[in-house]
Amino acid sequence: MVQIAMIDFEKERKKLVNRLIEEGILRTHSVIRAMLTVPREEFVLEHYRKWAYIDTPLPILCNQTISAPHMCAIMCEALELKINERVLEIGTGSGYHAALCAEIVSPSDMESKGYVVTVEYFSELAKFAKDNLKRTGYDDRVYVINADGSAELPFHRKFDKILVTAAAPKVPNSLLRLLKPGGRMVIPVGTSYYQTLILVKKTSKGGIVIEDLGGCLFVPLRGKQGFEP
Ligand code: SAH
């Protein structure tokens, strides 16, 4: 039995980040800094804390999962997040990925206008994430909303970057409309058991360019434009 008190989480975090750098997945200073800063052990269930720095998804509440660290890294790199940006996430889960994005667009040691709005379908998970974000000090830069993120969302301002962390049958038009010209969105698109991670770039004139970032496996998006109600 591993004694949690004996685990040096910071050391484990550094080891994982170094491996992701060696593998060429982590490349950008601000993403590396965020992965070294946000404590993943605070976003997993007590029982799984000892595995927080194994590069794998882990179960959270409502039969959902916190994504594997390499997937969070791939998505943050592809989004090319910058300080002061406004980010929308669909699929809050534990709140970990939202905290990573927040650490990039609004670093803990700097004044910045950046923030993250994250939408979660299950109220129990929205509360779980809010508690995790508060305990780790990200509740001043991450706003959790309990709603169906596949439906029309009532935002007036568009977002610089959008990430969807659940598998969608197609890119929801409602999200394309919420992306600024020049903005980027990452979203897993496919069936409920296998997807392709898609990078959507909106040009300054509003055109859409799609890039295929490879195969992936996410839990299904629910709701209006998802797989199940
Ligand atoms: N980003 C999360 C992991 C997400 S798992 C993390 O860092 O922990 C996918 C999440 O998407 C689950 O929490 C699931 O409940 C949520 N989800 C599924 N369909 C949704 C929808 N239509 N709107 C908002 N959230 C949704």
Side-chain angles (χ1 to χ4, degrees), residues 31 34-35 37-45 48-49 51-76 78-79 81 87-104 116-133 135-136 138-139 141-155 159 161-175 178 185-193 195 197 216-229:
V31 185
M35 297 271 314
T37 307
V38 180
R40 190 170 187 254
E41 70 274 16
E42 296 293 337
F43 292 84
V44 300
L45 297 174
Y48 296 109
R49 272 170 76 93
W51 295 322
Y53 293 102
I54 296 181
D55 193 6
T56 181
L58 290 169
I60 45 175
L61 306 173
C62 309
N63 270 329
Q64 304 301 309
T65 53
I66 174 173
S67 307
H70 74 270
M71 188 48 70
C72 296
I74 288 171
M75 292 172 89
C76 285
L79 283 172
L81 297 168
V87 179
L88 173 66
E89 179 189 48
I90 306 300
T92 315
S94 65
Y96 173 69
H97 206 160
L100 279 180
C101 294
E103 189 57 52
I104 304 171
V116 179
V117 176
T118 179
V119 181
E120 172 55 48
Y121 189 82
F122 291 107
S123 58
E124 203 184 338
L125 273 172
K127 180 174 183 319
F128 177 62
K130 272 186 196 170
D131 291 346
N132 296 338
L133 291 160
R135 201 173 51 255
T136 50
Y138 287 96
D139 56 332
R141 288 160 276 170
V142 180
Y143 306 105
V144 180
I145 295 173
N146 179 207
D148 175 5
S150 80
E152 210 65 50
L153 292 166
F155 299 119
F159 292 85
K161 306 285 163 68
I162 299 177
L163 66 156
V164 181
T165 63
K170 66 183 192 71
V171 181
N173 280 331
S174 52
L175 293 181
L178 281 176
M185 162 162 44
V186 278
I187 175 168
V189 176
T191 64
S192 55
Y193 50 89
Q195 307 95 35
L197 188 63
C216 57
L217 184 57
F218 282 78
V219 294
L221 187 74
R222 290 160 184 271
K224 260 197 158 148
Q225 294 203 53
F227 286 104
E228 30 193 300

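Residue indices begin at 1 and follow the sequence shown. Remember, it's a predicted structure, so these values are computed and weren't measured experimentally. Both ligands and their constituent atoms are indexed starting at 1 by order of listing.
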So if I count the atoms of ligand 1 from 1 in the order they appear, which ones are less than 4.0 Å from some heavy atom of [X]?
{"X": "Ser94", "value": "6 (C), 7 (O), 8 (O)"}
{"X": "His97", "value": "1 (N), 7 (O)"}
{"X": "Phe122", "value": "15 (O)"}
{"X": "Val119", "value": "24 (C), 25 (N)"}
{"X": "Leu125", "value": "13 (O), 15 (O)"}
{"X": "Gly149", "value": "21 (C), 22 (N), 23 (N), 24 (C)"}

Could you tell me whether [X] approaches ligand 1 through its side chain, its backbone, both or neither, with non-hydrogen atoms closer than 4.0 Å?
{"X": "Lys224", "value": "neither"}
{"X": "Gln64", "value": "side chain"}
{"X": "Ala98", "value": "neither"}
{"X": "Tyr121", "value": "both"}
{"X": "Ile66", "value": "both"}

Are any of the N or O atoms of [X] closer than 3.5 Å to those of ligand 1?
{"X": "Val219", "value": "no"}
{"X": "Ile90", "value": "no"}
{"X": "Glu120", "value": "yes"}
{"X": "Thr65", "value": "no"}

Heavy-atom contact check, 4.0 Å cutoff: does [X] meet ligand 1?
{"X": "Ser150", "answer": "yes"}
{"X": "Thr92", "answer": "yes"}
{"X": "Glu89", "answer": "yes"}
{"X": "Ala147", "answer": "yes"}

(Q) Any non-hydrogen side-chain atom of Ile74 less than 4.5 Å from a side-chain atom of Val186? (A) no
(Q) Looking only at protein heavy atoms, which one is nearest to atom 4 (C) of ligand 1, and what is the separation? (A) Thr165 OG1, 3.4 Å
Q) What's the shortest distance from atom 19 (N) of ligand 1 to any protein heavy atom, and which residue and atom give it? A) Arg222 N, 2.9 Å
Does any N or O in the side chain of [X] come within less than 3.5 Å of the main-chain N or O of [Y], such that one atom is a donor and the other an acceptor?
{"X": "Asn146", "Y": "Tyr121", "answer": "yes"}
{"X": "Gln64", "Y": "Cys62", "answer": "yes"}
{"X": "Asn132", "Y": "Ser94", "answer": "yes"}

Closest heavy-atom pair and its distance - [X], [Y]:
{"X": "Phe43", "Y": "Tyr96", "result": "CD2-N, 3.4 Å"}
{"X": "Ala168", "Y": "Leu221", "result": "CB-CD2, 3.9 Å"}
{"X": "Cys72", "Y": "Ser67", "result": "SG-CB, 4.0 Å"}
{"X": "Gly95", "Y": "Leu133", "result": "O-CD2, 3.6 Å"}

Q: Before accepting this row, confirm whether a basic side-chain N of the pair Asp131/Lys127 lies closer than 4.0 Å to the acidic partner's carboxylate O.
A: yes
Q | salt_bridge(Glu42, Arg49) N-O dist < 4.0 Å | A | yes
Q | For atom 1 (N) of ligand 1, the option (of Cys72, Gly91, Cys101, Gly93) bearing the nearest heavy atom | A | Gly91
Q) Say you draw a straight line from OG of Ser150 to NZ of Lys170; how long is it, rounded to the nearest 0.5 Å? A) 10.5 Å
Q.
Run Thr118 and Glu89 through side chain to side chain donor-acceptor pair (under 3.5 Å) and show every step you take.
A. CA-CA 4 Å; Thr118 179; Glu89 179 189 48; 2.6 Å; yes
**Q.** Parallel, tilted or perpendicular: ring planes of Trp51 versus Tyr48, cut at 30 and 60 degrees
**A.** tilted
